[in-house]
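Written below as structure tokens is the structure these notes are about.
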Amino acid sequence: MIISIDPSTGTELARFQAHSSEQVNAALDGAVSAQREWRRRPIEQRVELLTGMARALRDGKRKYAALITAEMGKPIVEAEAEIEKCAWTCDFYAESAPRFLADERIESNATESAVVFDPLGVVLAIMPWNYPFWQFFRFAAPALAAGNGAILKHANNVPQCALAIEQVMREAGCPEGLMRTLLIEASEVAGLIADDRIVAVTLTGSTQVGSIVASQAGKALKKQVLELGGSDPFIVLADADIEAAATTAVKARYINVGQSCVNAKRFIVEDAVADRFAEAFKANVAKLKMGDPMERDTNIGPMARANLRDDLHGQVERSVAAGAVVLAGGAPVDGPGFYYPATILDHVRPDHVAFCEETFGPVAAIIRVRDADEAVDLANQTEFGLGAALWTTNLDRARELARRIDAGAVFINGMVASDARLPFGGIKKSGYGRELGSYGIKEFTNIKTVWIG
Ligand code: NDP
């Protein structure tokens with residue numbers, strides 16, 4: 001049984017029978033035959049589906065945003081922004097995919113040689129609950145435009161979103177069977193990965209599950225894109241605009257109630273400005289309003305699940321026991337719902353849990369450093385490598401330091417965020433492969449050489 005729970009109250013919203021193995025089989029067969037037909041359509045026709053997806057998302061924006069908020073608790077304004085971003089990304093690929101996937105002529109000793117981009121087949125998408133629509137659509141818009149089919153195994157705490165995504169696809173005019181949601185337990189996924197009807201896998205989720213899925217896909221020799229956890233540094237150098245950094249820091253850490261892979265998690269600040277930054281950050285955090293996520297002025301809603309809140313609080317307790325200083329928050333909120341307040345831990349050291357583990361919730365760690373070199377060393381002292389932010393007014397130095405930071409993206413004087421136009425993904429235990437931009441659309445293509453003598 002797959003159960004949807006309102007994290008703001010802890011009450012059950014709905015329950016669903018998991019799909020049977022016959023239903024799973026029929027979905028895979030249907031996806032394979034739909035994809036065989038879909039891949040033969042010219043890309044100009046395929047991108048019409050994306051335009052339809054954008055329209056269906058915008059038409060249903062309020063309904064879908066309310067569903068996101070009901071099932072995983074993010075503030076409603078952010079849920080609406082998520083739907084808008086999905087629609088915009090569909091529009092972006094509707095316009096750009098034909099250009100990204102155009103044949104590339106390459107000079108060689110052939111009369112003619114070219115690279116063409118063919119689809120791979122039906123891709124299994126294993127997706128998390130934190131951005132229940134975005135995680136799927138940022139994969140699906142380019143993958144479908146490239147001629148693939150998609151099977152979605154969504155996180156089991158967002159089954160209504162998972163089914164609503166299928167509804168968006170139907171309204172968009174998706175060919176029958178080309179995209180299907182499967183309501184199944186995680187334990188069923190290994191069978192899907194091994195199944196010949198699935199050609200590739202994309203996962204957004206924890207590093208732990210990434211390793212399991214990678215080994216299963218590796219055994220079956222199937223292409224994977226893995227977008228896993230992160231412990232992004234947010235470096236503030238002494239010459240930075242401290243007020244601006246402390247304002248952006250709040251959004252960078254607490255958006256989505258801190259449950260994003262690219263939230264800034266470790267605030268690495270030069271000693272000379274650390275007190276000023278910590279005070280300004282604390283003052284901004286005090287303005288955040290925690291409450292019912294359906295209210296438009298709420299900044300901090302509940303966390304998505306009780307166990308996620310318990311795990312986060314355990315990390316806070318262990319960090320404090322080791323010497324971290326609580327500047328704000330620091331304990332779960334009593335009463336119904338899985339609320340955890342915006343929390344700041346100061347004087348965090350590299351051996352503290354809040355530094356060496358990913359904190360997936362509203363907890364910021366401030367680490368004080370001597371200089372820029374130590375800041376970069378500590379930024380890199382993590383098993384993750386997703387994003388990084390760097391604040392300084394010296395842009396030449398920033399460009400140089402950016403090259404020394406081990407991450408898939410470095411944002412200077414800004415916060416890390418995905419953007420359909422730019423590639424997104426990580427290194428180290430944050431995963432591999434890229435989503436979005438021109439790089440992302442090629443991940444699930446056969447980059448084929450055609451040579452004419
Ligand atoms: P998981 O990694 O457990 O879940 C992500 C997806 O993987 C879900 O669809 C889940 O399904 C599925 N899954 C779980 N176990 C397996 C398995 N053995 N084989 C195949 N698929 C599996 O994340 P959680 O929801 O448990 O969150 C825990 C942590 O993961 C967070 O604290 C955070 O560190 C990280 N995370 C990172 C995200 C990111 O954006 N990179 C997003 C969400 C979480 P099911 O729901 O049925 O278990």
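All figures in this text were calculated on a predicted structure; none of them were measured in a lab. Order of listing sets the numbers, starting from 1, for every ligand and every atom in it.
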Legend entry - For atom 22 (C) of ligand 1, closest protein heavy-atom neighbour: V209 CG1, 3.5 Å
Inset, instruction - Determine, for E78 against K251, whether the closest basic-nitrogen to carboxylate-oxygen distance falls under 4.0 angstrom. - result: no
Legend entry - Distance filter under 4.0 Å to H154 heavy atoms, resulting ligand 1 atoms: 9 (O)
Inset, instruction - Report yes or no: does R305 have a heavy atom closer than 4.0 Å to ligand 1? - result: yes
Inset, instruction - Measure the distances from the heavy atoms of Q135 to every atom of ligand 1 and state whether one is below 4.0 angstrom. - result: yes
Inset, instruction - If you have a sec, work out which protein heavy atom is nearest atom 28 (C) of ligand 1 and how many Å separate them, to one decimal? - result: L308 CD2, 4.0 Å
Inset, instruction - Distance to 0.1 Å, residue and atom name: give those for the protein heavy atom nearest to atom 9 (O) of ligand 1. - result: M127 O, 2.8 Å
Legend entry - Plane angle bin for F136 and F139 - parallel if under 30°, tilted between 30 and 60°, otherwise perpendicular: perpendicular
Legend entry - W129-ligand 1 polar pair, N/O distance under 3.5 Å: yes
Legend entry - atom 40 (O) of ligand 1: the protein heavy-atom neighbour that sits closest, reported with distance to 0.1 Å: N130 ND2, 3.2 Å
Legend entry - atom 38 (C) of ligand 1: nearest protein contact (heavy atom, Å): F360 CZ, 3.6 Å
Inset, instruction - Ignoring hydrogens and angles, tell me if any N or O in the side chain of E166 forms a donor-acceptor pair with the backbone of T181 under 3.5 Å. - result: yes
Inset, instruction - Counting heavy atoms only, name the option from N156, N307, L312 that's nearest to atom 46 (O) of ligand 1. - result: N156
Legend entry - atom 19 (N) of ligand 1: nearest protein contact (heavy atom, Å): A186 O, 3.9 Å
Inset, instruction - Look at the aromatic rings of F281 and F267 and report parallel, tilted or perpendicular, splitting at 30° and 60°. - result: tilted
Inset, instruction - Please write down residue, atom name and distance for the protein heavy atom closest to atom 7 (O) of ligand 1. - result: I126 CG2, 3.4 Å
Inset, instruction - Would you please test Y340 and H313 for ring-ring contact (aromatic ring centres under 6.0 Å, His included) and show each step? - result: CA-CA 8 Å; Y340 201 87; H313 185 53; 5.6 Å; yes
Inset, instruction - Please check atom 2 (O) of ligand 1 for a protein heavy-atom neighbour under 4.0 Å. - result: yes
Legend entry - Protein heavy atom at shortest distance from atom 39 (C) of ligand 1: C261 CB, 3.6 Å
Inset, instruction - Output yes when the distance from some N or O of ligand 1 to some N or O of E185 is under 3.5 Å, and no in every other case. - result: no
